[in-house]
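The structure appears below as structure tokens.
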Number of protein chains: 2
Amino acid sequence: MAMTAQRRNTKQKEAIRAAFQEADRPLSPEEALLLAQKQVDGVSIATIYRNIAALLETKWLTAVQIPGASTRYEVAGKAHHHHFQCVTCGATHELEGCEIKERPKLPRGFKYGGHEFFVYGTCASCAKKR
Amino acid sequence: MAMTAQRRNTKQKEAIRAAFQEADRPLSPEEALLLAQKQVDGVSIATIYRNIAALLETKWLTAVQIPGASTRYEVAGKAHHHHFQCVTCGATHELEGCEIKERPKLPRGFKYGGHEFFVYGTCASCAKKR
DNA sequence: ATCGTTGCAAACTCTTTGCAGGATT
DNA sequence: AATCCTGCAAAGAGTTTGCAACGAT
């Protein structure tokens, strides 16, 4: 994939950036599509993927890999933090800070590279509905 | 998906169970296929998926969702533990125990359901090779 | 002999890519 | 005007399913 970062401003691209900026949580491509389509109609999913790729390249976005769900993306530059996933609606939310202080013990010969931590449960709006 | 758990013994099924039992780590469907094919040739990937589904249903296997990688499966019944993923070869390994003692602070109204913890790095055999 | 299980191929879902027309600089 | 960007549709990768033949009971 030798795509160069896009540089022209289009209404699609602005809608996509706005979607990520206004959502206060990581978005899947599908979620970004729905939000962007509220501002510009006819946005295609291909454009979402292409712009996400471009925004990753310029490090405006970062990928958030979720176990058992498609990759989410969030605006880059935040402090080290982890994520919460609602088991009811599937939305991903940010958690503040990181409570993992010590490096876990690894088997002999393994080298530590980093960690990820996820919390599952029910988000406030889903908890309210039942 | 209304598949009922399979009950007949076939050489394919035995090879698949043996693959999971002998591997000392969670396997992806592709890894299970390669291991099963060493015992029975011509095993198809569809059979792997169908047997994994059946073994999940009978709770002989459990799914291990990995961020950014396809789902792995491991023999069920182990104590609560977490996983390590090698950034070089992609293999998943088990870690012993769980060092997360306290529940993380969640936003107002959120309900805690559980957690997952992953460590990334280089496994012993990949570390040795360089 | 019955009917569960398999391999093959087609179907599906999610993501990526080629292309021609449209938009931005 | 040049060429970047978009939408559409086709192409890929991973997973699931229909079907006829095979094989376990």
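Keep in mind it's a predicted model, so treat the numbers as computed, not measured. Lettering of chains follows the sequences in order, A, B, ..., and the numbering in each one begins at 1.
Contact of B:R50 with C:dG7 (side chain to base): a donor-acceptor pair of N or O atoms is detected under 3.5 Å.
We find that CG of B:L27 is positioned 14 Å from P of D:dT15, with the value rounded to whole Å. Remark: P of D:dT16 and CG of B:L33 are 14 Å apart, rounded to the nearest angstrom. Put simply, NZ on A:K13 is 12 Å from C1' on C:dT25, counting in whole angstrom units. Taking atom CD of A:Q65 as the reference point, atom P of C:dT15 lies 11 Å away to the nearest angstrom. Rounded to whole Å, the distance from CG on A:L34 to P on C:dC14 is 12 Å. Note: CD1 (B:I45) to P (C:dA10) measures 18 Å, nearest angstrom. Rounded to whole Å, the distance from CD1 on A:I48 to C1' on C:dC14 is 14 Å. In this structure, B:R72 atom CZ and D:dT15 atom C1' are separated by 15 Å, rounded to whole Å.
B:Q12 is not listed as a side-chain neighbour of B:R50, based on a closest heavy-atom distance of 4.5 Å or more. Side-chain atoms of A:T47 and A:K13, non-hydrogen and from C-beta on, never get closer than 4.5 Å to each other. Proximity of B:F117 to A:P104: side-chain heavy atoms (C-beta onward) are separated by under 4.5 Å at one or more points.
Of the listed nucleotides (C:dT15, D:dT6, D:dC19), C:dT15 has the atom at the smallest distance from the side chain of A:S70. Taking the side chain of B:Y49 as heavy atoms from C-beta on, and the options C:dT6, D:dG7, D:dG14, the nearest nucleotide is D:dG14. Side-chain proximity of B:T47 to the nucleotides D:dC8, C:dT6, C:dT15 is greatest for C:dT6.
Each of B:A46 and A:G42 was matched to the nucleotide of DNA chain D holding its nearest heavy atom; the match closer to the 5' end belongs to A:G42.
Both B:L33 and B:L56 are assigned to one and the same hydrophobic cluster, defined by single-linkage of ILVMFWY side chains at heavy-atom distances under 4.5 Å.
With sequence neighbours excluded, no residue forms a salt bridge (Lys or Arg N to Asp or Glu O under 4.0 Å) with B:R72.
Judged by distance alone, the side chain of B:E116 and the main-chain N or O of A:F118 form no donor-acceptor pair under 3.5 Å. Remark: side-chain polar atoms of A:E94 are not paired, donor with acceptor, to backbone N or O of A:H83 under 3.5 angstrom.
Residue A:Q12 places none of its side-chain N or O atoms closer than 4.0 Å to OP1 or OP2 of C:dA23.
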Tabulated below should be each protein N or O lying under 3.5 Å from an N or O of nucleotides 23-25 of chain D; please produce it.
unit_1	atom_1	unit_2	atom_2	d
D:dG23	N2	B:R8	NH1	2.4
D:dA24	N3	B:R8	NH1	3.3

